[in-house]
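All figures in this text were calculated on a predicted structure; none of them were measured in a lab.
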Amino acid sequence: MRRIYSLFLVALLTLVGFSANAVNVIVDVDDAERVSVSVNYTEQTVETGENNLVVAEYASLQIKAKDGYFLSKVTKKGIDQYISSLTYCNVYINTSDEDEGAIIKVTSTSADEARDGYCTIKVLDDASNVQVQRSGTYTTIDLAVGENIVKYSSNMELPLMIAPKQYGTQLYNVTLNGTGSVTKQGSNWRVSPATGDVIEITANFPDIDFPVHFSFANEESAQAISGVTVDGVSVDNYAAADFAVKAGKTIAIAFNANDYSIDKFTVNGTTTSVYGSYEQVISAETTFGVTAHKYGSIKAKLNLDNASNVVVYKGYSYNNVIYEGLHDGDNEIELPETSAMIAIKAVSGSFINSVTSVVGDAEPVSYTADYNNSYNVTISEGMVITVETGTIVRDKKAIVYVDDKTAADYHFNFERHDRSQVDLQSGYNVVEFYDADNPFAFAWYGSQLVSNVYLNGVLYGPMYDGGTSYEASFADGDVLKIYLTCVPATYNLSIAADGDVDTSKLAVLLDHITAVDQLDAYNNSVLQGTEVLITPDEDYNVTVKANGEVVEPQVDGSVIVAVNADTNITLHNASEGVGSIVAGDNAEKVVYNLQGIRVNSDNVDILPAGIYIVNGKKVVVR
């Protein structure tokens with residue numbers, strides 16, 4: 001029969017304001033008494049046959065088998081859907097274009113029909129502390145003392161998991177078809193019976209003692225045990241030939257892991273991992289095997305070409321335990337076997353070319369630096385470690401311009417490849433570097449900022465789209481510009497010198513680093529904020545105009561023009577302004593020395609010989 005629920009669900013969707021489109025689907029249930037259907041975990045009323053449901057896009061249907069039943073198959077548009085533990089299926093609904101009118105077919109069966117195998121479980125003494133659970137469906141089986149017929153799905157519910165009900169207790173023994181014990185895993189048994197098999201469970205331990213033996217590879221192995229207890233009570237005679245432990249009691253072995261290495265530990269010949277201690281409930285004769293040795297020290301040789309270029313740590317560098325007393329050449333080093341590692345880092349102003357090690361005639365091993373630029377070496381007996389270093393000479397320069405660093409009010413970071421920081425300020429910054437400083441990493445965050453980066457005038461992208469983390473490798477003379485407050489405009493810049501200007505006596509730089517050689521007809525586009533630095537020789541004087549206005553020189557005689565609009569710079573010969581100062585000139589004069597200090601304002605004739613800036617012009621006093 002077909003039941004229509006769409007009107008109710010459409011009204012509900014309207015009330016709660018779903019932004020997604022509604023999708024009409026048909027859920028075809030073979031038997032509504034066996035299953036439940038929910039939409040986004042809200043159970044729906046369904047009947048056997050086709051049921052029309054309205055579901056929001058990207059929602060899901062939850063189909064569950066009721067107690068005593070399994071889901072045999074669930075399909076959407078004829079495609080099988082995943083069923084978990086034979087009892088649960090989550091069916092996702094896509095867009096209306098994809099799933100409108102989709103048929104979801106649900107086929108179920110009773111658990112008895114699906115369980116095609118059976119076995120007999122005999123509880124020989126106490127069923128109150130026995131728990132048996134089917135895998136797959138994780139259903140628990142109630143047992144009684146004596147024979148219990150247990151059904152299971154051979155495809156989905158094996159192995160059967162047998163364990164004590166009470167936490168911290170143990171079952172004595174489990175056998176299959178009377179042929180001996182089933183292999184135990186911790187406190188549990190996993191048994192995969194065939195149809196008709198018999199599993200016997202003995203819950204309680206017998207009142208008997210089992211021999212417990214300790215087999216030591218050598219005397220050091222025996223000394224590696226720091227104590228043995230039985231049910232928490234210390235025992236001293238555990239190594240005696242007649243040592244025994246009552247069935248069901250727990251033996252605990254503690255090892256001196258600080259002073260000894262446990263090389264091998266076995267239980268009845270099977271190698272078992274131990275981490276300082278081991279516990280086991282005794283249910284049969286047991287032999288523990290111990291092979292151990294006492295920790296010693298390891299000696300190696302550390303060869304340093306220049307000990308002042310590095311710092312060597314015992315263990316990782318972040319522990320900050322420095323290996324003192326190292327010198328150029330060979331150093332004999334010794335570390336405990338438990339922490340036989342050194343970390344080698346370059347000091348500020350130095351770098352590490354290579355770190356290699358060799359043991360005997362083996363091939364040399366090369367090491368690479370970790371995230372902290374530390375070379376970590378685990379030493380072995382007789383190892384020779386060689387460290388080659390160098391002194392950093394930062395003989396290259398790049399310019400980094402930041403329009404307003406304060407816009408990054410949460411974070412601003414600029415660092416070399418070795419993670420050492422470069423302190424940048426707003427405006428122009430000279431960054432000295434050498435090749436190993438590349439690539440530089442830089443990033444910023446702020447409450448209100450934009451992010452526009454240019455390398456040599458070309459827009460430069462972040463490491464990830466939309467991010468503010470960058471990485472760049474510089475060449476000598478590169479210009480990096482970072483704009484945090486705007487999308488920079490592009491302006492036309494022209495520079496021209498009068499015919500009587502001796503351009504050989506001028507240095508004209510864009511961005512304080514890029515030389516402008518053709519001063520007769522320079523014309524180009526530059527980014528907003530670009531500065532033109534004009535520096536005449538000491539004995540030469542020029543007048544600089546920007547768009548017809550004279551630009552006053554700096555105290556050192558240089559002139560800076562910031563380009564924040566289309567700009568025409570012209571250079572004019574002003575050498576006639578350079579000469580001897582005539583005594584008796586009574587005009588008021590403002591005078592600075594080349595260090596920028598004002599030295600006189602009205603009596604230049606008494607100045608010592610030298611070069612001065614008088615009323616903004618360079619003059620020579622002889």
Asp403 and Lys481 ion-paired at < 4.0 Å:
no
Salt bridge check, Asp418 against Lys345: does any charged N sit closer than 4.0 Å to a carboxylate O?
no
Would you say the side-chain atoms of [X] and [Y] include a donor-acceptor pair closer than 3.5 Å?
{"X": "Asp263", "Y": "Ser261", "value": "yes"}
{"X": "Asp566", "Y": "Asn492", "value": "no"}
{"X": "Glu100", "Y": "Asn24", "value": "yes"}
{"X": "Asp556", "Y": "Ser558", "value": "yes"}
{"X": "Tyr454", "Y": "Asn452", "value": "no"}
{"X": "Ser357", "Y": "Tyr367", "value": "yes"}
{"X": "Asn547", "Y": "Asn568", "value": "no"}

Please report the closest heavy-atom contact between [X] and [Y], naming both atoms and the distance.
{"X": "Cys486", "Y": "Gln528", "result": "SG-NE2, 3.9 Å"}
{"X": "Ile482", "Y": "Phe442", "result": "CD1-CD1, 4.5 Å"}
{"X": "Val355", "Y": "Ile352", "result": "CG2-CG2, 3.7 Å"}
{"X": "Thr406", "Y": "Ser426", "result": "N-OG, 4.4 Å"}
{"X": "Ser473", "Y": "Asp478", "result": "O-OD2, 4.2 Å"}
{"X": "Phe412", "Y": "Lys405", "result": "CD2-CE, 3.8 Å"}

Would you say [X] has more than 12 foreign heavy atoms packed within less than 6.0 Å of its [atom1]?
{"X": "Gln421", "atom1": "CD", "value": "yes"}
{"X": "Glu549", "atom1": "CD", "value": "no"}
{"X": "Lys299", "atom1": "NZ", "value": "no"}
{"X": "Tyr434", "atom1": "OH", "value": "yes"}

Under the side chain to side chain contact (heavy atoms under 4.5 Å, CB included) test against Ile385, which residue among Leu304, Asn303, Ile342 passes?
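Result: among Leu304, Asn303, Ile342, Ile342 is the only option passing the side chain to side chain contact (heavy atoms under 4.5 Å, CB included) with Ile385.
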side-chain contact (heavy atoms from CB on, under 4.5 Å) assessment of Lys76 paired with Asp99
CA-CA 9 Å; Lys76 184 180 82 169; Asp99 284 343; 3.0 Å; yes
Going through the checks in order, is the side-chain hydrogen bond (donor to acceptor under 3.5 Å, both in side chains) test met by Thr42 and Asn40?
CA-CA 6 Å; Thr42 299; Asn40 273 0; over 6 Å; no
Rounded to the nearest 0.5 Å, what's the gap from [atom1] on [X] to [atom2] on [Y]? Could you check?
{"X": "Leu61", "Y": "Gln81", "atom1": "CG", "atom2": "CD", "answer": "10.0 Å"}
{"X": "Glu538", "Y": "Lys505", "atom1": "CD", "atom2": "NZ", "answer": "12.5 Å"}
{"X": "Ser60", "Y": "Ile93", "atom1": "OG", "atom2": "CD1", "answer": "8.0 Å"}
{"X": "Leu571", "Y": "Ile495", "atom1": "CG", "atom2": "CD1", "answer": "7.5 Å"}

Going through the distances and angles, do Asn306 and Asp328 end up as a side-chain contact (heavy atoms from CB on, under 4.5 Å)?
CA-CA 5 Å; Asn306 189 334; Asp328 295 355; 4.1 Å; yes
Looking at Tyr470, Phe414, Tyr483, which one forms a ring pair (Phe, Tyr, Trp, His ring centres under 6.0 Å) with Trp444?
Tyr470
I'd like to know if the side chain of [X] and the backbone of [Y] have a donor-acceptor N/O pair within less than 3.5 Å.
{"X": "Asn429", "Y": "Gln425", "answer": "yes"}
{"X": "Asn331", "Y": "Gly329", "answer": "yes"}
{"X": "Thr386", "Y": "Thr356", "answer": "no"}
{"X": "Asp537", "Y": "Asp539", "answer": "no"}
{"X": "Tyr401", "Y": "Glu531", "answer": "no"}
{"X": "Glu220", "Y": "Lys294", "answer": "yes"}
{"X": "Asn573", "Y": "Val501", "answer": "no"}
{"X": "Asp498", "Y": "Asp500", "answer": "no"}
{"X": "Asn256", "Y": "Tyr260", "answer": "no"}
{"X": "Gln448", "Y": "Gly446", "answer": "no"}

I'd like to check Leu424 versus Val431 (side-chain heavy atoms, cut-off strictly below 4.5 Å). Are they in contact?
yes
Does a side-chain heavy-atom distance below 4.5 Å link Val23 with Thr95?
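No - every pair of side-chain heavy atoms lies 4.5 Å or more apart.
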Please report the C-alpha distance between Leu455 and Leu480 in whole Å, then the side-chain angles of each, then the deciding distance to 0.1 Å, and finally whether the side-chain contact (heavy atoms from CB on, under 4.5 Å) criterion is met.
CA-CA 5 Å; Leu455 181 60; Leu480 182 77; 4.0 Å; yes
Would Ile569 and Ile534 satisfy side-chain contact (heavy atoms from CB on, under 4.5 Å), going step by step from the backbone distance to the final call?
CA-CA 10 Å; Ile569 297 175; Ile534 303 165; 4.1 Å; yes
For Asn376 and Ser374, what are the C-alpha separation, side-chain angles and deciding distance, and is it a side-chain hydrogen bond (donor to acceptor under 3.5 Å, both in side chains)?
CA-CA 6 Å; Asn376 303 318; Ser374 174; 3.0 Å; yes
Is the distance from the ring center of Phe440 to that of Phe474 below 6.0 Å?
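Ring centres of Phe474 and Phe440 closer than 6.0 Å.
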Just do the side-chain hydrogen bond (donor to acceptor under 3.5 Å, both in side chains) check on Asn94 and Tyr92 with the steps written out, would you?
CA-CA 6 Å; Asn94 298 315; Tyr92 292 96; over 6 Å; no
